[in-house]
Undergrad: 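Pasting in a structure now, in structure tokens, and then I'll have a few things to ask.
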Amino acid sequence: MSASNHMAGTQQVLVKRISYEAERINSYELVARTGGELAPFTAGSHIDLHLPNGMVRSYSLVNDQRERHRYVIAVNRDAESRGGSRFVHDTVKVGEIMTISLPRNNFALCEQAEHSVLIAGGIGITPLLSMIRRLVALGRCWELFYAARTRAAAAFLDELGTFRSDAGLHVDFDDERAGRVFDLAAIVRAAPARAHLYCCGPLPMLAAFEAATADRPADRVHVEYFKAREAPATEGGFVVRLARSNRTITVEPGRTILDALLDAGIAANYACTEGVCGTCETRVLEGKPDHRDQFLSEEEQATNRSVMICCSGAKSRMLVLDL
């Protein structure tokens, strides 16, 4: 695999500070290796961290988008993790040089909305925190519903308490509920018709949010997945023709399209390998993909114009890709 392709659009940063934010959650302040400004970003953006062990993981930027001297990410040491968060917690040290991608935003804030309702579960607070900073800077009306296991496991509570929200800051902890449930459907029902709604958190919360917002205009409902919702397509048994390099690759059962391309020495951009970040999006010239990603909307998937090669498969015998 050509490393340069996989590392396209990267920059080197220095780990300036590591801070404890909550149980199992640390924040990492990253600055330009040579000093000076970093590339601009907007609220809701993430960066990919290229870890020394070869993993690439995406993390939301939590700081104010007006800050050009630093990026701040927060990493939850996840017991269910495939190793990325554990590696960051156990090995990344202050003073270390790290390779990151340029910021990308798949979870953009609508700055013109007359009201924004933000719903966070656990570490899902991270992209919403930068949105709150932006809404405060713009003087916009917003409210936050933040659910976590316990107060001690909720990152950035102190800081959130310093923001003034006309509509309110609602925190909800599993161990303080006394029989109540976190009623996501009620939160959505109570939101003004013209409000923009944002949700980031664990998969059950996102599923409940999507069900509760099903009858709202799609352009006012925003969701960010950290994890794949379904298993990747590894049924295999089809071929991929690469239009630009004029090669045909067989995708065997048990392998993804990305696996097959990398095995054949073909350079392909990828990061999360879960169909969440959009890095591996590839144009489809012919054939019908079996979409398994969380990045494309249902409408975009239905056009079959592109496919996430890290997790999606094929419903046709052949896929012709623009590679």
Side-chain angles (χ1 to χ4, degrees), residues 13-31 38 41-51 55-67 69-94 96 98-101 103-107 109 118-136 144-163 169 171 173 198-202 205-206 223-227 271-272 274 276-277:
V13 291
L14 176 78
V15 181
K16 182 178 177 183
R17 187 177 288 116
I18 301 175
S19 306
Y20 175 90
E21 300 295 350
E23 272 172 16
R24 303 209 306 261
I25 299 174
N26 289 344
S27 65
Y28 298 79
E29 181 178 340
L30 311 173
V31 297
L38 293 161
F41 70 96
T42 51
S45 294
H46 68 271
I47 54 171
D48 298 332
L49 218 51
H50 294 256
L51 301 174
M55 289 181 173
V56 183
R57 293 291 179 267
S58 301
Y59 296 105
S60 299
L61 295 172
V62 303
N63 56 311
D64 192 313
Q65 69 179 59
R66 293 172 296 185
E67 294 180 343
H69 64 290
R70 66 175 189 158
Y71 296 147
V72 181
I73 59 172
V75 180
N76 176 37
R77 189 190 164 107
D78 184 358
E80 305 292 304
S81 138
R82 294 167 300 148
S85 69
R86 195 167 56 242
F87 185 90
V88 173
H89 271 253
D90 292 351
T91 66
V92 173
K93 304 282 186 281
V94 169
E96 199 164 322
M98 302 206 73
T99 300
I100 63 168
S101 71
R104 288 201 313 278
N105 199 339
N106 312 328
F107 191 43
L109 176 68
L118 310 160
I119 302 169
I123 193 65
I125 189 63
T126 51
L128 302 181
L129 185 54
S130 72
M131 291 183 178
I132 290 168
R133 297 184 202 284
R134 185 64 181 156
L135 291 165
V136 169
L144 172 70
F145 296 86
Y146 182 12
R149 285 180 300 106
T150 63
R151 204 168 278 275
F156 306 110
L157 272 186
D158 292 349
E159 193 174 353
L160 285 164
T162 66
F163 294 120
L169 181 65
V171 290
F173 305 107
Y198 301 81
C199 186
C200 187
M205 173 183 267
L206 298 180
V223 61
E224 170 114 302
Y225 280 84
F226 281 153
K227 287 193 176 132
C272 75
E274 292 205 354
V276 173
C277 73

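As the structure is a computational prediction, the values presented were derived from the model and not from experiment.
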Undergrad: Search all heavy atoms of P202 against all heavy atoms of G121 and return the closest pair with its distance.
TA: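 Looking at all heavy atoms of both residues, the shortest contact is CD-O, 3.7 Å.
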Undergrad: Is the backbone of T126 close enough, under 3.5 Å, to the side chain of S60 for a donor and an acceptor to pair up by distance?
TA: no
Undergrad: Could you state the interatomic distance from SG (C199) to CZ (F107), rounded to the nearest 0.5 Å?
TA: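 It comes to 7.5 Å.
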Undergrad: Using side-chain heavy atoms (C-beta onward) and a distance below 4.5 Å, is L160 in contact with I125?
TA: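 A side-chain contact exists here, since the closest heavy-atom pair is under 4.5 Å.
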Undergrad: I'd like to know if R133 and E159 make a salt bridge, using a cut-off of under 4.0 Å between side-chain N and carboxylate O.
TA: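 Salt bridge present between R133 and E159.
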Undergrad: Does E96 pair with K93 as a salt bridge, N-O distance under 4.0 Å?
TA: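 Result for this pair is no, no salt bridge flagged.
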Undergrad: Quick one, F41 and L61 - any side-chain contact, counting heavy atoms below 4.5 Å?
TA: yes
Undergrad: Quick check: do R149 and F173 have side-chain heavy atoms less than 4.5 Å from each other?
TA: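 Answer no - side chains too far apart.
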Undergrad: Are V62 and S130 side-chain neighbours, meaning at least one heavy-atom pair lies under 4.5 Å?
TA: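 SC-SC contact between V62 and S130 ruled out.
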Undergrad: Which heavy-atom pair separates C277 from S58 by the least distance, and what is that distance?
TA: CB-OG, 3.8 Å
Undergrad: Quick check: do T42 and L109 have side-chain heavy atoms less than 4.5 Å from each other?
TA: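 No, every pair of side-chain atoms sits at 4.5 Å or beyond.
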Undergrad: Check this for me: does any side-chain nitrogen of one of D78 and R86 sit under 4.0 Å from a carboxylate oxygen of the other?
TA: no
Undergrad: Inspect the surroundings of CG in D90 and state if more than 12 heavy atoms from other residues, nucleotides or ligands are less than 6.0 Å away.
TA: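 Yes, CG of D90 has more than 12 neighbouring heavy atoms, counting only those of other groups under 6.0 Å.
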Undergrad: Under the side chain to side chain contact (heavy atoms under 4.5 Å, CB included) test against Y146, which residue among L157, L169, I119 passes?
TA: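 Checked L157, L169, I119 against Y146; only one passes side chain to side chain contact (heavy atoms under 4.5 Å, CB included): L157.
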Undergrad: With the side chain counted from C-beta on, respond yes when V75 and Y28 share a heavy-atom pair under 4.5 Å apart, and no when they do not.
TA: yes
Undergrad: Looking at D48, is its backbone amide N or carbonyl O close enough to the side chain of S101 to form a donor-acceptor pair, meaning the two atoms are under 3.5 Å apart?
TA: yes
Undergrad: Is there a side chain to side chain contact (heavy atoms under 4.5 Å, CB included) between R104 and H46 once you walk through the steps?
TA: CA-CA 6 Å; R104 288 201 313 278; H46 68 271; 3.4 Å; yes
Undergrad: CZ/R77 to OG/S85 distance, rounded to the nearest 0.5 angstrom?
TA: 7.0 Å
Undergrad: With side chains defined as the heavy atoms from C-beta onward, is the minimum distance between Y59 and V88 less than 4.5 Å?
TA: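 Side chain of Y59 against side chain of V88, heavy atoms only: contact under 4.5 Å found.
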Undergrad: How far does CG of L51 sit from CD1 of I100, to the nearest 0.5 angstrom?
TA: 12.0 Å
Undergrad: Would you confirm whether N105, through its side chain, and A43, through its main-chain N or O, come within 3.5 Å as a donor-acceptor pair?
TA: yes
Undergrad: Side-chain contact test, heavy atoms from C-beta onward, threshold under 4.5 Å: evaluate it for V56 versus L49 and give yes or no.
TA: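 No - every pair of side-chain heavy atoms lies 4.5 Å or more apart.
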Undergrad: Could you grab the distance from atom CZ of F156 to atom CG of D158, nearest 0.5 Å is fine?
TA: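 Nearest 0.5 Å value for the CZ-CG distance: 11.0 Å.
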Undergrad: Roughly how far, to the nearest 0.5 Å, is CG of L30 from NZ of K16?
TA: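 The CG atom of L30 is 11.5 Å from NZ of K16, to the nearest 0.5 Å.
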Undergrad: Which value, rounded to the nearest 0.5 Å, describes the distance between E21 atom CD and I123 atom CD1?
TA: 9.0 Å
Undergrad: So does N76 get a backbone contact from the side chain of R24, meaning a donor-acceptor N/O pair under 3.5 Å?
TA: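 Judged by distance alone, no pair lies under 3.5 Å.
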Undergrad: Compare every heavy atom of A120 with every heavy atom of M205, then report the nearest pair and how far apart it is.
TA: CE-O, 3.7 Å
